[in-house]
S.K.: 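Take a look at this one; I'll ask things after.
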Number of protein chains: 2
Amino acid sequence: METRELRYFVAVAEDLHFGRAATRLGMAQPPLSRAISQLERRLGVELFHRTSRAVSLTEAGTVLLREGRAALDAVEAAERRTRRASENPGLVLASKAGAAGEILAKLLDAYAAEPGSVAVDVVLCRVGEQEKLLRDGRADVALLHLPFDSTAGFDVEELSTESQVALFPAGHPLSTRPHLRMSDLAELPLPRWPSADGVYAPGAGPEVHDHTQLLQLITLGRAIAVLPESCRTQLGDDIATVPVLDAPLVTTVIAWPPHSRSRALAGLILAATRL
Amino acid sequence: METRELRYFVAVAEDLHFGRAATRLGMAQPPLSRAISQLERRLGVELFHRTSRAVSLTEAGTVLLREGRAALDAVEAAERRTRRASENPGLVLASKAGAAGEILAKLLDAYAAEPGSVAVDVVLCRVGEQEKLLRDGRADVALLHLPFDSTAGFDVEELSTESQVALFPAGHPLSTRPHLRMSDLAELPLPRWPSADGVYAPGAGPEVHDHTQLLQLITLGRAIAVLPESCRTQLGDDIATVPVLDAPLVTTVIAWPPHSRSRALAGLILAATRL
DNA sequence: CGTTTCCATACCCCCACGGTATCGCTGCCG
DNA sequence: CGGCAGCGATACCGTGGGGGTATGGAAACG
């Protein structure tokens, strides 16, 4: 199977429409239809149920969409990492914008002080995006937060664990309580984060994808959030925090793709575990 | 980057010889040379140092060899799993031949008794081969043994932990001791297992790649081995066992590729954790 | 200095991929 | 009920690129 075929298949599988997929791919519809039929013939597998009115994935097609995306990511990663290996020897670290600020600063300082350390580019990305960056080679290493981010397929080292606090606009009735339980927050407008594929679950709270956005919504009284306690250092006095006793503990981990064990990466991980 | 180009590159990188690589690929040498040059031009990266006498990998080439192999495995996995998804709904479980016999039997029985279970094909493979099978889609799930096998990149659940015993031919002087330490075995012909790439470390002991082979060598007095205690159930009375107090504990885990979460696989994993 | 051993270059051919035109099916609306 | 619009499949054509053979040219070796 060629990556071109995979890209075509994924495009069609994503919008379930040959015409639109073809436009996205910058080609005409007939050769795309043909390419997919050929792929099906070569695999000996039907990938789509087609009526002249609608297209849908078969069982096998669903498998190929999942596995094919992973494969394309791996190919892209190979390409990008090769390019980077030749031009600069630095590392790219991905982290959620607004989260892990303190630990990130300490890590960068500690690593920079090591003998033989290389330049570290920091990519601050939207929630949940780190995994994708790590998988397709745009990043070499990432800071993730359990239990929110998935570490599936990566090697990890735990860095720190902390409890969570609720964030209220100053003056909110609950903000004077010494502590809370999750059940106290059940009826409040908790924000909804996008899942790995960028889709939001249906629900009541506002949709957010980074911390700045969230803090602003809280200040405006449009949202309440539960965040790791370390976020306090970034808050002004227009937001009050209250410990939430039964919120899950948040673990910050450093994660990297399991095979890539360069000297520079090993040094960074070592520096991280020694924090 | 197309998988064809990657396959060409990996072939050349593996034997560092354009002529031989071309033969292996079933093509002539000139088009292969050209394909590699094109790849280098498109990537903007030199992958090989060539003199007209010898070929060697550059830094970037080394990266592409590692990442490219992973990418090719992922593509192959996508293809194989898609094929299998369409023809039969069963699972393929990989396990070392000769190891984990008892736990494997119990697992298969327990899972088969579940409602809605599917057929499970068992692939008994050589030591260290399970990871490759899991990565390239020939298996859906595998039994691995820590700390020997690497679980890098897989999701795992621990199944059992056991201590190790030394195996001697009947009548060996050490076989009557109540217990031993690793240092007692330092001078003895411990066998050498192949690493993930099938290469044996240099050393004194005999090269082995499965348990039958090993047991025969022990019976013949040509080797001594340290194995998990559960192997006792498979031994005849021509082999004696002695506990080794400071040998590392062996953990049997069930491992699977992190994204593939089919209903059938989830059932098997559940059955395994309940053993 | 001839010979051998490699990889690169030159040149040719053909297939496969992409484009345009069109067909055929199906659901919708007047 | 018929015309139409939407969409995928089919037919046919042109070209670029991937593969083949022949050969060049550099380096090691006797």
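Lettering of chains follows the sequences in order, A, B, ..., and the numbering in each one begins at 1.
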S.K.: Nearest whole Å is fine: how far is C:dA16 P from A:Tyr8 OH?
M.R.: 15 Å

S.K.: How long is the straight-line distance from CG of A:Leu72 back to CG of A:Leu6, given to the nearest 0.5 Å?
M.R.: 5.0 Å

S.K.: Counting the atoms with a prime plus P, OP1 and OP2 as sugar-phosphate, which does B:Gln38 contact under 4.0 Å by heavy atoms, base, sugar-phosphate, or nothing?
M.R.: sugar-phosphate

S.K.: Mind calculating the distance between CZ (B:Phe18) and C1' (C:dT9) to the nearest angstrom?
M.R.: 14 Å

S.K.: Using a cut-off of 4.0 Å on non-hydrogen atoms, how would the nucleic acid contact of B:Arg34 be classed: base, sugar-phosphate, or nothing?
M.R.: base

S.K.: Going by side-chain contact (heavy atoms from CB on, under 4.5 Å), B:Cys125 matches just one of B:Lys132, B:Gln130, B:Lys96. Which one?
M.R.: B:Gln130

S.K.: Which of the following nucleotides, C:dC7, C:dA10, C:dC17, is nearest to the side chain of A:Arg4?
M.R.: C:dC17

S.K.: Quick one: are A:Val123 and A:Arg138 in side-chain contact, heavy atoms under 4.5 Å?
M.R.: no

S.K.: Between A:Arg50 (CZ) and C:dT26 (C1'), how many Å, whole number?
M.R.: 16 Å

S.K.: Just the rounded figure in Å: distance from P of C:dC6 to CZ of B:Phe48.
M.R.: 16 Å

S.K.: To the nearest Å, give me how far apart CD (A:Glu5) and P (C:dG18) are.
M.R.: 10 Å

S.K.: Taking atom P of C:dA8 as reference, at what distance in whole Å does atom CD of B:Gln29 sit?
M.R.: 7 Å

S.K.: Just the rounded figure in Å: distance from P of C:dC17 to CZ of A:Arg41.
M.R.: 11 Å

S.K.: State, without any angle test, whether A:Ser37 and A:Arg41 hold a side-chain donor-acceptor pair at a distance under 3.5 Å.
M.R.: no

S.K.: So does A:Arg84 pair up with B:Glu67, basic N to acidic O under 4.0 Å?
M.R.: no

S.K.: Using only heavy-atom distances, determine whether the side chains of A:Thr3 and A:Arg7 contain a donor-acceptor pair under 3.5 Å.
M.R.: yes

S.K.: Would you please classify the geometry between the B:Phe18 ring and the B:Phe48 ring as parallel, tilted or perpendicular, with 30° and 60° separating the classes?
M.R.: perpendicular

S.K.: Mind checking which nucleotides bracket the chain B contacts on DNA chain D, 5' to 3', with an atom under 4.0 Å from a heavy atom?
M.R.: D:dG18 to D:dA28

S.K.: Does A:Arg42 or B:Val55 map to a spot on DNA chain C nearer the 5' end, using the closest nucleotide for each?
M.R.: B:Val55

